[in-house]
Engineer: 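Dropping the structure in here first, questions after.
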Amino acid sequence: MSQERTASDVLVDRLIAWGVDTVFGLPGDGINGFVDALHKRHDDLRYVHVRHEEVAAMAAVGYAKFTGRLGVCFATSGPGAAHLLNGLLDARTEQAPILAISGMTYHDLVGTSYLQDVNTDYLFNDVALYNQRIMGPAHVINVTDYAVRTALTQRGPAHLSFPIDYQAAAAGSGTRFRRNVEGHTSTAHRPPIRVPCGEDLEEAAQVFAGRTRIVILAGAGARGAGEELEAVAERLAAPIVKAQLGKDCVPDDSPYTTGPIGLVGSRPSEEALEECDALLIVGSTMPYIEYYPSPGQAVCVQIDDRPERLGLRHPVDVPLAGDARATLAALLPMLPRNDDRAFLAKAQEGMREWWALMEARGTRTDLPMKPQVPAWALNDALADDAIVCGDSGTVTTWVARQIRTRRGQLFSFSGTNCSMAAGLPYAIGAQAAYPGRQVVVFTGDGSMTMQLGDFLTAVQHNLPIKVVVIKNNTLGLIKWEQMVFLGNPEYGVDLAPMDFVKFAEACGARGARIEDPRTCAGQMREALSWDGPVIVECVVDQHEPPLPAKVKSDQVRKLFDALRQGTPNRNRIALQMVKDLLDEASFEASPGHVIPGPIGRAAAEVVEKLRDRTEE
């Protein structure tokens with residue numbers, strides 16, 4: 001450990017001055033000068049040693065998403081720096097403020113094909129909102145302050161390339177130009193909270209006058225504005241439809257919400273947007289444009305603190321550039337009261353039917369176990385302040401529908417970026433930030449095996465993360481997308497089986513396997529009560545389809561084409577889907593509701609016998 005104060009010491013001290021308390025990373029010869037500085041300040045700055053640099057960046061994203069503070073990660077030069085890229089892409093698309101620090105070859109050997117000679121500052125140009133190469137010890141504070149301020153203000157990734165020799169250079173060495181006055185920059189920062197002018201707010205309020213079928217679409221930008229959202233929903237008699245990144249903006253048991261939208265959405269959410277005559281978008285640019293009201297159908301007011309996003313997905317009559325919580329609070333007293341509660345009442349009745357259907361799906365006793373069952377079982381096993389980290393795949397559907405987020409709980413996943421394997425890294429970041437809270441990952445076997453080694457990070461750092469793995473030995477979402485969206489038979493999606501329980505035990509942790517739906521709830525509660533990191537392997541039916549709330553004729557046709565062209569297990573898949581619809585014939589919220597209930601139940605028994613006799 002160097003005793004002389006170095007440029008890396010300056011950087012680490014500056015991060016601490018900015019309030020940074022945790023960094024995620026992986027050491028290497030291209031970043032060891034910085035690591036030495038971390039060693040010197042280890043009492044003030046926690047270092048979480050991960051197994052893969054992508055996990056470091058993703059953990060920083062998770063940390064930032066759940067705290068609102070700056071997430072920090074680092075990697076060595078060359079390949080280590082390149083591994084950070086997906087995490088920075090995630091930070092950019094998910095609007096998470098992070099700072100990435102990467103090594104770089106010696107400043108006077110750049111561009112000479114030296115070992116790991118990659119211009120990492122160029123490499124990060126397309127993903128970083130701020131991206132600079134440190135040019136010497138006198139440059140460190142200037143660029144660090146600007147990088148951190150940019151990341152926090154613009155909610156995205158900043159990146160600094162730090163040449164190896166400069167990392168270990170004496171803090172006072174090198175030259176300082178006279179105009180680079182020492183001490184001219186500072187760590188003072190206040191989050192910008194913009195509120196539109198009164199005239200714009202009054203114009204927006206008048207848009208809703210005389211409108212009786214109003215919907216609020218809330219996204220990630222509405223997180224933290226739950227009370228204001230519900231107050232506006234009460235005034236306008238408006239159901240709150242939630243983009244999945246806004247799942248925790250109001251709890252799922254709120255009387256105003258109809259839950260998710262899109263392919264993972266609820267029937268009441270879809271119907272509300274189909275029938276509304278006015279739309280209030282709060283902090284959302286949900287990308288599935290086909291689920292918005294048809295252009296010209298509804299008047300629209302949109303609130304977003306990024307003006308360039310106003311009108312991005314749907315025509316807007318009055319755009320309001322401002323912070324969601326502050327703008328809603330200012331708008332609320334100006335809004336006309338909608339005394340016609342019929343539209344909201346219909347949505348609420350639809351949600352009672354929807355939740356009955358979700359409970360029926362989540363408590364089925366079929367074997368193999370349905371993936372909805374462990375998702376539903378999680379509800380009683382989650383603490384009131386639990387943090388749930390989702391993942392990409394069919395698991396997104398089960399989380400969106402089966403897990404009822406309660407007031408005080410937090411949820412996020414890689415939504416707009418849709419990166420596989422973000423769940424575990426997000427959880428590492430969340431648990432590092434909140435060591436006393438329950439942190440749960442809900443992921444699939446495809447995602448989990450991509451970042452399996454970093455379960456050891458949880459073990460090494462005593463992070464009591466609980467990982468619930470939906471194991472179906474297939475890339476489920478890709479399988480269904482191949483068939484339903486393209487009409488192609490499934491191909492290239494099989495996964496070699498993995499024993500996650502043995503893996504957890506080999507890591508020095510605990511594992512549990514759930515296969516029987518009748519014991520699932522009890523096993524889930526027990527596993528989540530164990531101390532330390534845990535993997536809960538849930539063995540489920542790989543042929544269970546993530547049915548949309550409304551099945552469209554084009555989807556049916558393409559699925560039929562895929563089955564006809566030779567999809568493996570096509571008879572079992574077809575019979576399973578028919579049985580699911582017949583079983584749900586008595587539920588108004590199900591696509592199978594068009595089948596008379598008694599006929600559906602009788603037919604389901606016949607189909608079940610045929611399915612059980614079908615060869616796999």
Side-chain angles (χ1 to χ4, degrees), residues 1-2 6-12 15 20 22-42 45-61 63 71-91 98-124 127-128 131-135 137 140 143-144 147 157-169 421 424-425 428-429 432 450-458 460-461:
M1 182 171 64
S2 171
T6 66
S8 290
D9 293 324
V10 174
L11 175 51
V12 169
L15 292 178
V20 175
T22 306
V23 295
F24 307 89
L26 191 64
D29 59 355
I31 197 66
N32 275 339
F34 177 76
V35 173
D36 182 59
L38 292 177
H39 182 196
K40 295 176 186 176
R41 297 300 303 271
H42 69 272
L45 192 57
R46 183 183 187 184
Y47 160 43
V48 178
H49 174 199
V50 300
R51 265 56 179 184
H52 194 288
E53 292 91 353
E54 180 180 340
V55 172
M58 286 287 195
V61 173
Y63 179 98
V72 179
C73 59
F74 70 87
T76 188
S77 55
H83 284 163
L84 291 173
L85 273 169
N86 188 46
L88 267 70
L89 176 62
D90 202 66
I98 74 168
L99 172 64
I101 300 162
S102 69
M104 193 172 186
T105 197
Y106 304 91
H107 87 277
D108 53 358
L109 289 174
V110 171
T112 66
S113 295
Y114 189 71
L115 183 71
Q116 296 183 341
D117 180 17
V118 177
N119 288 319
T120 48
D121 46 351
Y122 299 170
L123 185 66
F124 285 83
V127 295
N131 182 32
Q132 286 295 327
R133 181 188 307 184
I134 293 174
M135 304 296 286
V140 171
V143 294
T144 300
H159 170 249
L160 296 176
S161 292
F162 206 169
I164 296 171
D165 49 329
Y166 287 153
Q167 291 175 38
L424 177 59
I428 290 171
M450 288 180 75
Q451 303 288 14
L452 201 58
D454 269 281
F455 182 71
L456 277 165
T457 299
Q460 178 174 336
H461 291 278

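Worth knowing before you read on, the calculation uses all heavy atoms, side chains too, and leaves out hydrogens, waters and symmetry mates. If you read the sequence from its start, that first residue is 1, and numbering goes on from there.
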Engineer: Is the ring centre of Phe34 less than 6.0 Å from the ring centre of Phe74?
Structural biologist: yes
Engineer: Taking the side chain from Glu54 and the backbone from Asn86, do they hold a donor-acceptor pair closer than 3.5 Å?
Structural biologist: no
Engineer: Enter the distance from Met135:CE to Tyr166:OH here, rounded to the nearest 0.5 Å.
Structural biologist: 6.0 Å
Engineer: Kindly indicate, with the supporting measurements, whether the criterion side chain to side chain contact (heavy atoms under 4.5 Å, CB included) is fulfilled by Arg46 and His461.
Structural biologist: CA-CA 10 Å; Arg46 183 183 187 184; His461 291 278; 4.1 Å; yes
Engineer: If you compare all heavy atoms of Ala158 against all heavy atoms of Ala147, which two are closest, and at what distance to 0.1 Å?
Structural biologist: CB-O, 3.4 Å
Engineer: Examine distances only and state if a side-chain atom of Gln167 and a backbone atom of Gly30 form a donor-acceptor pair shorter than 3.5 Å.
Structural biologist: yes
Engineer: For Pro157 and Leu88, which heavy atoms make the closest approach, and how far apart are they?
Structural biologist: CG-O, 3.5 Å
Engineer: Mind checking the OG1-CZ spacing from Thr144 to Phe162? Nearest 0.5 Å is all I need.
Structural biologist: 8.0 Å
Engineer: Could you go through the side chain to side chain contact (heavy atoms under 4.5 Å, CB included) check for Ile98 and Leu84 one step at a time?
Structural biologist: CA-CA 12 Å; Ile98 74 168; Leu84 291 173; over 6 Å; no
Engineer: Determine the minimum heavy-atom distance between Val12 and Ala37, stating which atoms define it.
Structural biologist: CG2-CB, 3.6 Å
Engineer: Go through Leu45 and Val72 one step at a time and tell me if the side chain to side chain contact (heavy atoms under 4.5 Å, CB included) criterion holds.
Structural biologist: CA-CA 11 Å; Leu45 192 57; Val72 179; over 6 Å; no
Engineer: Taking the side chain from Asp9 and the backbone from Thr6, do they hold a donor-acceptor pair closer than 3.5 Å?
Structural biologist: yes
Engineer: Report yes if some heavy atom in the side chain of Pro27 is under 4.5 Å from a heavy atom in the side chain of His49; otherwise report no.
Structural biologist: yes
Engineer: Side chain of His42, backbone of His39: donor and acceptor closer than 3.5 Å?
Structural biologist: yes
Engineer: At their closest point, which heavy atom of Ser102 faces which heavy atom of Ala81, and how far apart are they?
Structural biologist: CB-CB, 3.7 Å
Engineer: Below 4.5 Å, heavy atoms only, C-beta onward: do Arg133 and Asn119 meet side chain to side chain?
Structural biologist: yes
Engineer: Ignoring hydrogens and geometry beyond distance, is a side-chain donor-acceptor pair present between Ser77 and Thr105 at under 3.5 Å?
Structural biologist: no
Engineer: What's the separation between atom OG in Ser8 and atom CG in Asn32, rounded to the nearest 0.5 Å?
Structural biologist: 10.0 Å
Engineer: So, the side chain of Ser161 versus the backbone of Asp121: is there a donor-acceptor pair under 3.5 Å, distance only?
Structural biologist: yes
Engineer: Do the non-hydrogen side-chain atoms of His52 and Met450 ever get within less than 4.5 Å of each other?
Structural biologist: no
Engineer: Measure the CG-CG distance between Asn131 and Leu123 for me, rounded to the nearest 0.5 Å.
Structural biologist: 9.0 Å
Engineer: Could you give me the CA-CA distance, side-chain angles and deciding distance for Thr457 and Val55, then say whether side chain to side chain contact (heavy atoms under 4.5 Å, CB included) is met?
Structural biologist: CA-CA 10 Å; Thr457 299; Val55 172; 5.6 Å; no
Engineer: Work out which heavy atom in Val50 is nearest to a heavy atom in Leu26; give both atom names and the distance.
Structural biologist: O-CD1, 2.8 Å
Engineer: How close do Thr22 and Ala432 get, heavy atom to heavy atom, and via which atoms?
Structural biologist: CG2-CB, 4.3 Å
Engineer: Counting only N and O atoms by type, is there a donor-acceptor contact under 3.5 Å from the side chain of Thr76 to the main-chain atoms of Gly103?
Structural biologist: no
Engineer: Mind telling me whether His159 and Phe124 have parallel, tilted or perpendicular rings, with 30° and 60° as the class edges?
Structural biologist: parallel
Engineer: Find the distance between OH (Tyr47) and CG (Leu38) and round it off to the nearest 0.5 Å.
Structural biologist: 8.0 Å
Engineer: Arg41: which residues meet the salt bridge (charged side-chain N to carboxylate O under 4.0 Å, His left out) condition with it, sequence neighbours left out?
Structural biologist: Asp13, Asp44
